[in-house]
Asker: 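Take a look at the following structure, please.
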Amino acid sequence: MTEAPMDDRPFGDAISPALSRDPRKRTLFGSDTYFLESVEQLGTLTADVDGFLHRHAALLLKPDAVVSRQLPTTVDWLARNGFRIVAAERTRLTRTVVRSLWYFQWNLATPERRRLADLFTDSCDSVVLIVRQDADGAEAPPSAPASVVLTERKGPTDPRARVPGQLRHETGRYSYLLNLVHTPDEPADVARELGIYFDSGLRRRVYTSALAGEDLSVRARELGERLHAEVPERDLTFEPAAERLERAVAEAEESLAPGAVRDELRQARLAARDREGHRRLLEAVWRARLPLDAWDMVIVGSHVLPMKRTGFAPVLGGVSVADWHHHQARPAVR
């Protein structure tokens, strides 16, 4: 039996270097349905697709931002940092959306991180803001895409590395997982993520609104107010959540029949005095399948469980403003 001949045709479109500095990303996105659908639709609305994606960024406010009431803080921060909100819509971070969104980064996610994320990302709607970098408020040279500038000013995932002035520093340094906001790294990521968040009809409305360019900060605040009316406020700090979790476990013990499960829960609860003790408590709760408060589980778990697999690199990494300026200086990108 002879092997079929290799097909030398490309897997997808050639992506412009103006949309990403990463050759691997340009190859992967050339055959990515989310990216292709989004860019194809944008091309029916403007002839300057690359320019639009260069000038605009997206910012996702996740359920942790909603319950901690940080939407107004974010809108204020954007205005102070020279970003005008030109579109604002709600979206839902289902299990599929979450895995699509971080498909090229979650090869580093631990099982515990994925399990905790599933407990809260679909708990309520999130908000997506499309912003445009206003020239008078932007410190970075115009050659840096708005997405790259916003991502850098947003601050890192690790709360210990955030500094005053960054968005994630202002909205609350809770934990690695509860970082409240997300931004796409580069222009190509902006298009792909809008392809994930929205179906064709809603995405057209988002693009049309962004092309109109009007300041929609009032609409963004209204979306936040509606969500706040629908979703109870939560304290995302560790100590109160750990205390609530321990009380809930103690109450659950009373309803369980004597035996190994009850004994394990009691022993784990009494030992929950440090990181390792709280980890054992969470694992005992999961084994017992207790239907405890999801937010308290997430808050405690995000502090004591491993979030990142070591020894691996993400399929696609981040990019800094300095990286982009170096990339932009290459003749092929101009």
Side-chain angles (χ1 to χ4, degrees), residues 51-91 124-157 159 161-174 178-187 189-191 193-194 197-198 202 205-229 231 233 236 319-321 324:
F52 176 94
L53 294 172
H54 196 280
R55 292 187 297 272
H56 293 83
L59 189 146
L60 171 70
L61 293 120
K62 302 182 297 165
D64 40 339
V66 175
V67 300
S68 62
R69 302 301 191 251
Q70 292 303 313
L71 276 75
T73 303
T74 301
V75 173
D76 292 340
W77 183 91
L78 288 168
R80 290 198 311 273
N81 283 268
F83 292 97
R84 185 191 339 152
I85 298 171
V86 293
E89 296 291 345
R90 291 166 65 151
T91 192
C124 69
D125 279 358
S126 298
V127 174
V128 176
L129 304 178
I130 309 302
V131 301
R132 177 165 179 157
Q133 193 175 356
D134 287 334
D136 56 353
E139 297 176 6
S143 60
S147 54
V148 179
V149 175
L150 179 57
T151 295
E152 190 162 284
R153 294 187 193 173
K154 170 198 64 184
T157 304
R162 299 170 197 165
V163 298
Q166 294 174 336
L167 175 58
R168 280 178 170 165
H169 188 278
E170 290 200 17
T171 55
R173 291 169 288 166
Y174 298 110
L178 297 176
N179 52 47
L180 281 69
V181 297
H182 163 75
T183 56
D185 293 326
E186 292 186 290
D189 300 289
V190 174
E193 294 189 11
L194 293 182
Y197 295 137
F198 305 120
L202 191 49
R205 188 164 83 186
V206 167
Y207 277 142
T208 301
S209 175
L211 285 164
E214 296 182 9
D215 185 342
L216 295 185
S217 56
V218 171
R219 171 171 169 74
R221 292 183 189 277
E222 289 174 348
L223 288 178
E225 290 171 0
R226 292 175 202 159
L227 271 172
H228 293 169
V231 182
E233 184 174 2
L236 300 182
V319 55
S320 68
V321 171
W324 188 269

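From a predicted model like this one, the values you see are computed outputs, not experimental measurements.
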Asker: Please examine the side chains of Trp324 and Glu186, heavy atoms only from C-beta on, and report whether any two atoms are closer than 4.5 Å.
Answerer: yes
Asker: If you measure from the Lys or Arg side-chain nitrogens to the Asp or Glu carboxylate oxygens, is any gap between Arg219 and Glu89 under 4.0 Å?
Answerer: yes
Asker: Any side-chain heavy atom of Ile130 within less than 4.5 Å of one from Ser209?
Answerer: no
Asker: Do you know the tightest heavy-atom contact between Val75 and Ala220?
Answerer: CG2-CB, 4.1 Å
Asker: Is there side-chain contact between Asp76 and Arg221, with heavy atoms separated by less than 4.5 Å?
Answerer: yes
Asker: Would you check if the side chain of Arg132 reaches a backbone N or O of Arg55 as a donor-acceptor pair within less than 3.5 Å?
Answerer: no
Asker: Side-chain contact test, heavy atoms from C-beta onward, threshold under 4.5 Å: evaluate it for Val66 versus Asp125 and give yes or no.
Answerer: no
Asker: What heavy-atom pair brings Asn179 and Asp64 nearest, and what distance separates the two atoms?
Answerer: N-OD2, 3.4 Å
Asker: Can you check side-chain contact (heavy atoms from CB on, under 4.5 Å) on Val206 and Tyr197, steps first, answer last?
Answerer: CA-CA 11 Å; Val206 167; Tyr197 295 137; over 6 Å; no
Asker: Working to the nearest 0.5 angstrom, can you tell me the gap between Glu170 CD and Arg80 CZ?
Answerer: 4.5 Å
Asker: Check for a donor-acceptor pair, side chain of Arg162 on one end and backbone N or O of Pro156 on the other, with a separation under 3.5 Å.
Answerer: yes
Asker: Are Val149 and Val321 close enough that some pair of their side-chain heavy atoms sits under 4.5 Å apart?
Answerer: yes
Asker: Just wondering, do Leu180 and Leu167 contact through their side chains at under 4.5 Å, heavy atoms?
Answerer: no
Asker: Are Lys62 and Leu178 side-chain neighbours, meaning at least one heavy-atom pair lies under 4.5 Å?
Answerer: no
Asker: Checking the side chain of Arg168 only, and the main-chain atoms of Gly155 only, is there a donor and an acceptor separated by less than 3.5 Å?
Answerer: yes
Asker: Looking at every non-hydrogen atom in both residues, tell me the closest pair between Cys124 and Val231 and how far apart they are.
Answerer: CB-CG2, 3.6 Å
Asker: Can a donor-acceptor pair be found, under 3.5 Å and without considering hydrogens, that links the side chain of His56 to the backbone of Phe52?
Answerer: yes
Asker: As an exercise, state the distance from OG1 of Thr171 to CD of Gln70, rounded to the nearest 0.5 Å.
Answerer: 5.5 Å
Asker: Would Leu60 and Thr91 satisfy side-chain contact (heavy atoms from CB on, under 4.5 Å), going step by step from the backbone distance to the final call?
Answerer: CA-CA 9 Å; Leu60 171 70; Thr91 192; 4.2 Å; yes
Asker: Heavy atoms only: give me the nearest Ser147-Pro187 pair and the separation to one decimal.
Answerer: OG-N, 3.2 Å
Asker: Nearest 0.5 Å please: distance from the CZ atom of Phe198 over to the CZ atom of Arg90.
Answerer: 12.0 Å
Asker: Okay, side chain of Thr151, backbone of Pro184: is any donor-acceptor separation there less than 3.5 Å?
Answerer: yes
Asker: Compare every heavy atom of Val190 with every heavy atom of Ala57, then report the nearest pair and how far apart it is.
Answerer: CA-CG2, 4.2 Å
Asker: Would you mind reporting whether His228 and Pro72 have side-chain heavy atoms less than 4.5 Å apart?
Answerer: yes
Asker: Please give me the minimum heavy-atom distance between Val181 and Lys154, naming the atom from each residue.
Answerer: CG2-CG, 3.8 Å
Asker: Measure the CG-CG distance between Leu53 and Leu194 for me, rounded to the nearest 0.5 Å.
Answerer: 8.0 Å
Asker: Under 6.0 Å from the CD atom of Glu222, do we count more than 12 heavy atoms belonging to anything else shown?
Answerer: yes
Asker: Measure the CG-CG distance between Leu150 and Asn81 for me, rounded to the nearest 0.5 Å.
Answerer: 8.5 Å
Asker: Fit a plane to each ring of Trp77 and Phe83, take the angle between them on a 0 to 90° scale, and name the class: parallel (under 30°), tilted (30 to 60°) or perpendicular (over 60°).
Answerer: parallel
Asker: Nearest 0.5 Å please: distance from the OG1 atom of Thr74 over to the CG atom of Leu61.
Answerer: 4.5 Å
